[in-house]
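All values derive from a computational prediction rather than experimental measurement. So you know, we letter chains A, B, ... as the sequences are listed, proteins then strands, and number each from 1.
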There are 2 protein chains.
Amino acid sequence: MENPQHPPDSPGARPRRSHGRATLADVATHAGVTPMTVSRMLREPDRVAPETAQRIRQAIDDTGYSPNKQAGGLASGRSAIVAAIIPSVANSVFAETIQGLSDALQPAGLELFLAPNDYKLEREEDQLKTLLGWGPAAIAVTGRRHSPVALALMRQAKRAGTPVIQMWDLDARDTEFLQIGFNHHLVGVAMGEHLLACGYRDLAYVDSGVAEDFRAHERGQGLAQAARLAGAALQVLVAPPCEPMAAGRLALLKLMQQRLPRALAFANDHLAAGACLQALELGLALPDQLALLGYGDFPISQQLGRGISTMAAPRYQIGLATGQSILLALGRPLAEDQQVLDHGSLVPTLVVRNTTVAGAGINPANVAEGSSRD
Amino acid sequence: MENPQHPPDSPGARPRRSHGRATLADVATHAGVTPMTVSRMLREPDRVAPETAQRIRQAIDDTGYSPNKQAGGLASGRSAIVAAIIPSVANSVFAETIQGLSDALQPAGLELFLAPNDYKLEREEDQLKTLLGWGPAAIAVTGRRHSPVALALMRQAKRAGTPVIQMWDLDARDTEFLQIGFNHHLVGVAMGEHLLACGYRDLAYVDSGVAEDFRAHERGQGLAQAARLAGAALQVLVAPPCEPMAAGRLALLKLMQQRLPRALAFANDHLAAGACLQALELGLALPDQLALLGYGDFPISQQLGRGISTMAAPRYQIGLATGQSILLALGRPLAEDQQVLDHGSLVPTLVVRNTTVAGAGINPANVAEGSSRD
DNA sequence: ATGAAAGCGCTAACAT
DNA sequence: ATGTTAGCGCTTTCAT
């Protein structure tokens, strides 16, 4: 039971506490010390006498105390929040990035604030404004394209000493913010070069149906550049805005109505998988009649047919590396068991399977990695 | 530039502000009013004179002010945070749930704190403790199994008036916390009954390789009960702890080494998809020689072969409904454009495709829903 | 319609 | 090794 005191004479003595939670002061009373000692014990245990520490620990247990992080953050000017703006969680690409980020941050006691913007660049402004209101320890955004206002907010945060990280893209000439990712144009070029090296001279790129998936567009442009330089034909098709595998099927059907190119590159593996299924069902021989090249190296690419060739994108690693960069920028130690990721390892690598090179297919039944949880 | 004042005589006048951000007071000065008026204008715009409001808006723009949420939360005792503990983000099931949660909460101005626990029940305690330190407006956890300490924390939160929601499971006899989900035992029974109704009397359940995926185990038990009541044979196999599609393949191969049952049910569609691919590659006729039944209704089930039969799980809807319940419990209005989900719609439904009933297969090429973004 | 005072729970800086 | 004081930026309550 609380101890309702008589209101003193002075006009402004209005107790306001409403929640029932124990505070530092409660613990202090319980342990017979001042709040300051408890606070110290929590943050610098070495600076309190062992015996006092013991009493305080006891009091903490007795009262069920857990620190009020808002109060702590306000007082210290620091906050243990990392804010991340991503296009969508319901997309294995970013879901795994989030998981990596979380895995890096949680051991360090940093909380993750998530703001999916559904690929709407415009929403980023609001999200940044709101997130900045928490005085985050760091901010991670997706990509390098931002509205002028969003950019101004990011600059303001940077000036205030908050690390700002752009994930999933990289332009070495731009050093304004930290970047954890890779150059999508170059990946597109690499995709093109692989197809050209296989001898395919009549190419198509199937872009995702998402207008603001800039990185996919850039890969397409890289591919186009490679084709142009080699004098090969390239047409670009935008997949219909439906479920990705279905979209891949439809894209293939559409191309066949006109004239099927020799090789298709896709904005992602789901599109490629759909096209692969459709091709197999139509009796097309892969890669003899039609070559397919995906992007992402999602599990399905390993399983379908004799394996879909693809560019492996370091989904989880980008999240982990982002988290590590944040800890580094904040001068915090990484968790002991964490290897520091070499940023060179964040470059996608070509995974040649059977849809571009005959006989390159792996035996999927023997592949076992990851985990089957659901 | 700041205006470094001379330290007054009194010993304790130590300015501490370190960040450069504008505060309510700055805006007030700028607008020639007191902080109180600005605060009021932000929360109850009707209570300030239109002309004053205009001046304040101007001042807010000029200063680039954004409210400090920690201070606001501390002062008001409320916080605009919803904390969610989930097994993993890198799993389309929970990723879509998160997306639904976020879609419900963002319009209401609530932030989402994410804590993936990697299917480790033990970590939930720490996560709850930390999250409670933020004085969240509500807490969402996954499932109904908790350690005693975690349970105690949840009860404490509930007593303090914080809505606590258990997602993805449901037991009508237990009314301690809000539950948004369904009974997995019954889903398992329904899966069994479908297989039995198809005339299959020799069944197997392939569980996921994740020890703490209790809901999958429960579905298996429901299936077992249905089989028992019908006098049908059932064996349970635990999939190897590897990438789910590969695990599905391996599970099928393992079963074939012994004696292949007539029908297989799986803990999730990825396992089923792996088995489906393996079966097709081995030339097994589906469903004539072997029937397969998945769980989840992931996109791949629609695409593979002539469609994999499955139980459709309302992944996104559970998140959305959780968000809506939270808003409701907090007495906040839902976003205008949001339909209130009927909780009856959260029950999985059987989707009969070609792996259990011959000729039931859809034509996947005609199916187009969702979005192909990546 | 606006303002003054106090306090939310904690920590930094300065004592002792 | 521990305590004292003031203040983080905001909202609440009461007053004008």
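- Of the candidate nucleotides dT2(C), dG3(C), dA12(C), dG3(C) has the atom lying nearest to any side-chain atom of M36(B).
- Note on T52(A): every side-chain N or O is 4.0 Å or more away from OP1 and OP2 of dA1(D).
- Residue R40(A) is in base contact, counting any heavy-atom pair closer than 4.0 Å across all strands shown.
- Residue-to-nucleotide contacts include no donor-acceptor pair under 3.5 Å from the side chain of R21(A) to the base of dG9(C).
- Of the candidate nucleotides dT2(D), dA12(C), dT2(C), dT2(D) has the atom lying nearest to any side-chain atom of A49(A).
- DNA chain C is contacted by both Q70(A) and P35(B); P35(B) maps to the nucleotide lying nearer its 5′ end (nearest heavy atom per residue).
- Contact check on E51(A) versus R55(A) returns a salt bridge, with a Lys/Arg side-chain nitrogen under 4.0 Å from an Asp/Glu carboxylate oxygen.
- dT11(D) atom P lies 10 Å from atom CG of N68(B), rounded to whole Å.
- Using a 4.0 Å heavy-atom distance criterion, P67(A) is classed as a sugar-phosphate-only contact.
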Report task. Take L320(B) and Q324(B), measure what side chain to side chain contact (heavy atoms under 4.5 Å, CB included) needs, and give me the verdict at the end. Result -> CA-CA 6 Å; L320(B) 199 63; Q324(B) 293 182 342; 4.2 Å; yes
**Report entry** R155(A) and E176(A): CA distance, side-chain angles, deciding distance, salt bridge (charged side-chain N to carboxylate O under 4.0 Å, His left out) verdict
**Finding:** CA-CA 9 Å; R155(A) 290 195 173 119; E176(A) 179 161 22; 2.4 Å; yes
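- Candidate nucleotides dT11(D), dG3(C), dC10(C) were compared by shortest atom distance to the side chain of L24(A), and dC10(C) ranks first.
- Ring geometry for W134(B) against W134(A) counts as perpendicular: the plane angle is over 60°, on a 0 to 90° scale with 30° as the lower cut.
- For S76(B), the listed nucleotide lying nearest its side chain is dT12(D); candidates were dT11(C), dT12(D), dC10(D).
- Following rounding to the nearest Å, R78(A) (CZ) and dT11(C) (C1') show an atom-to-atom distance of 9 Å.
- Here the P atom of nucleotide dC10(D) and the CH2 atom of W134(A) are 13 Å apart, to the nearest Å.
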